[in-house]
Amino acid sequence: MENIRKKEGGMEKYISAFNEIDLLMEELFEILKIGLGEINAYPGEDMFRIIVNKTEVESLKSINEMFAKNDFSEAHRLMSPNVYIFVNWWCDNLDFMSVNISSLIASKEKALIISNAGKLPFGNFDKKIL
């Protein structure tokens with residue numbers, strides 16, 4: 001019993017990312033005035049690009065980790081239909097590399113560091129150095 005809880009507990013790190021992706025997908029559906037069943041009428045690569053560009057860096061890192069650790073089959077049961085579609089787009093992206101996820105994560109992390117550097121209570125920093 002304890003091993004099952006540990007495994008389920010290990011999946012908790014993905015729940016926050018899945019919730020964010022689900023919300024972003026719902027927002028996209030609302031903007032396009034479509035439902036889940038109509039999503040295939042739009043280019044998956046473009047839809048994927050829109051969602052990953054709006055996704056927080058920690059969520060991108062979590063989903064990237066899910067694939068790196070081969071946790072997909074266990075995490076699958078935690079996914080909503082929206083998240084499942086997004087994850088399929090992610091798989092397609094792994095095949096075709098239309099979006100370089102590692103570079104995107106690095107650029108988002110850099111942007112976070114730069115934006116937070118100005119908020120430090122001591123000293124002035126030259127943002128170009130960072």
Side-chain angles (χ1 to χ4, degrees):
M1 235 4 202
E2 191 172 315
N3 288 339
I4 293 171
R5 273 192 230 137
K6 283 183 181 177
K7 280 188 175 182
E8 287 178 3
M11 295 292 112
E12 289 174 5
K13 61 187 162 200
Y14 304 129
I15 292 173
S16 176
F18 291 170
N19 287 338
E20 180 182 2
I21 296 300
D22 196 44
L23 181 65
L24 290 170
M25 293 284 285
E26 285 296 326
E27 288 175 6
L28 186 59
F29 293 161
E30 189 175 312
I31 290 168
L32 296 173
K33 298 181 183 350
I34 62 171
L36 183 63
E38 301 165 297
I39 195 68
N40 290 332
Y42 293 84
E45 183 179 318
D46 293 340
M47 304 294 265
F48 177 73
R49 191 180 309 274
I50 290 167
I51 299 296
V52 294
N53 284 321
K54 290 182 175 258
T55 304
E56 296 292 326
V57 69
E58 290 304 317
S59 294
L60 290 175
K61 287 166 64 175
S62 291
I63 293 171
N64 201 38
E65 180 182 322
M66 178 184 69
F67 283 100
K69 292 185 173 184
N70 292 320
D71 283 344
F72 177 79
S73 59
E74 285 186 61
H76 176 266
R77 62 187 170 80
L78 302 172
M79 294 178 193
S80 69
N82 291 345
V83 174
Y84 185 75
I85 287 172
F86 175 80
V87 168
N88 280 306
W89 290 338
W90 190 291
C91 291
D92 290 344
N93 185 68
L94 290 174
D95 290 337
F96 303 112
M97 288 303 290
S98 58
V99 176
N100 186 327
I101 298 296
S102 298
S103 293
L104 180 63
I105 289 171
S107 68
K108 286 184 176 232
E109 285 181 327
K110 180 180 177 183
L112 278 174
I113 291 169
I114 289 171
S115 69
N116 288 329
K119 297 176 186 174
L120 294 174
F122 49 88
N124 286 330
F125 296 94
D126 183 2
K127 292 180 181 178
K128 290 181 183 176
I129 294 173
L130 295 172

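Computed over heavy atoms, backbone and side chain alike; hydrogens, waters and symmetry mates excluded. In this text the structure is predicted, and so the values were computed from the model without any measurement.
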Check your understanding: Looking at CD of Glu109 and NZ of Lys61, how far apart are the two atoms once the value is rounded to the nearest 0.5 Å?
Key -> 4.0 Å
Let me check something: any side-chain donor-acceptor pairs from residues 89-97 under 3.5 Å, sequence neighbours excluded? List them with distances.
from: Asn93; atom 1: OD1; to: Ser98; atom 2: N; distance (Å): 3.1
from: Asn93; atom 1: OD1; to: Ser98; atom 2: OG; distance (Å): 2.9
from: Asn93; atom 1: OD1; to: Val99; atom 2: N; distance (Å): 2.7
from: Asn93; atom 1: ND2; to: Val99; atom 2: O; distance (Å): 2.8

Check your understanding: Just how far is it from atom NE2 of His76 to atom CE of Met66, taken to the nearest 0.5 Å?
Key -> 10.0 Å
Practice item. Search all heavy atoms of Val57 against all heavy atoms of Ile105 and return the closest pair with its distance. Key: CG2-O, 3.7 Å
Review point. Between Lys13 and Glu65, is the closest basic N to carboxylate O distance under 4.0 Å?
Key: yes
Check your understanding: Do Leu23 and Phe48 sit in the same hydrophobic cluster, where Ile, Leu, Val, Met, Phe, Trp and Tyr count as joined when their side-chain heavy atoms come under 4.5 Å apart?
Key -> no
**Study point:** Partners meeting side-chain hydrogen bond (donor to acceptor under 3.5 Å, both in side chains) with Ser59 (sequence neighbours left out)
**Key:** Glu20
Review point. Between Asn64 (side chain) and Leu60 (backbone), is there a donor-acceptor pair under 3.5 Å?
Key: no
Review point. Can you tell me how far OH of Tyr84 sits from CZ of Phe72, rounded to the nearest 0.5 angstrom?
Key: 5.0 Å
Check your understanding: Got a second to check how far Met25's CE is from Thr55's OG1, nearest 0.5 Å?
Key -> 10.0 Å
Check your understanding: Among all residues two or more places apart in sequence or in another chain, which pass the side chain to side chain contact (heavy atoms under 4.5 Å, CB included) test with Leu32?
Key -> Leu28, Ile34, Tyr42, Met47
Review point. Looking only at heavy atoms, which two atoms of Tyr14 and Ala75 are closest? And how far apart?
Key: CD1-CB, 4.1 Å
Practice item. State the CD1-CD distance between Ile21 and Glu26, to the nearest 0.5 angstrom. Key: 12.5 Å
Exercise for review: For Lys108 and Asn53, work out which heavy atoms get closest and say how close.
Suggested key: NZ-O, 2.9 Å
Revision key, fill the gap. Between Leu24 and the options Val83, Val52, Ile51, Ile50, the side-chain contact (heavy atoms from CB on, under 4.5 Å) test singles out Ile51
Check your understanding: Just how far is it from atom CD1 of Ile15 to atom CE of Met79, taken to the nearest 0.5 Å?
Key -> 11.5 Å
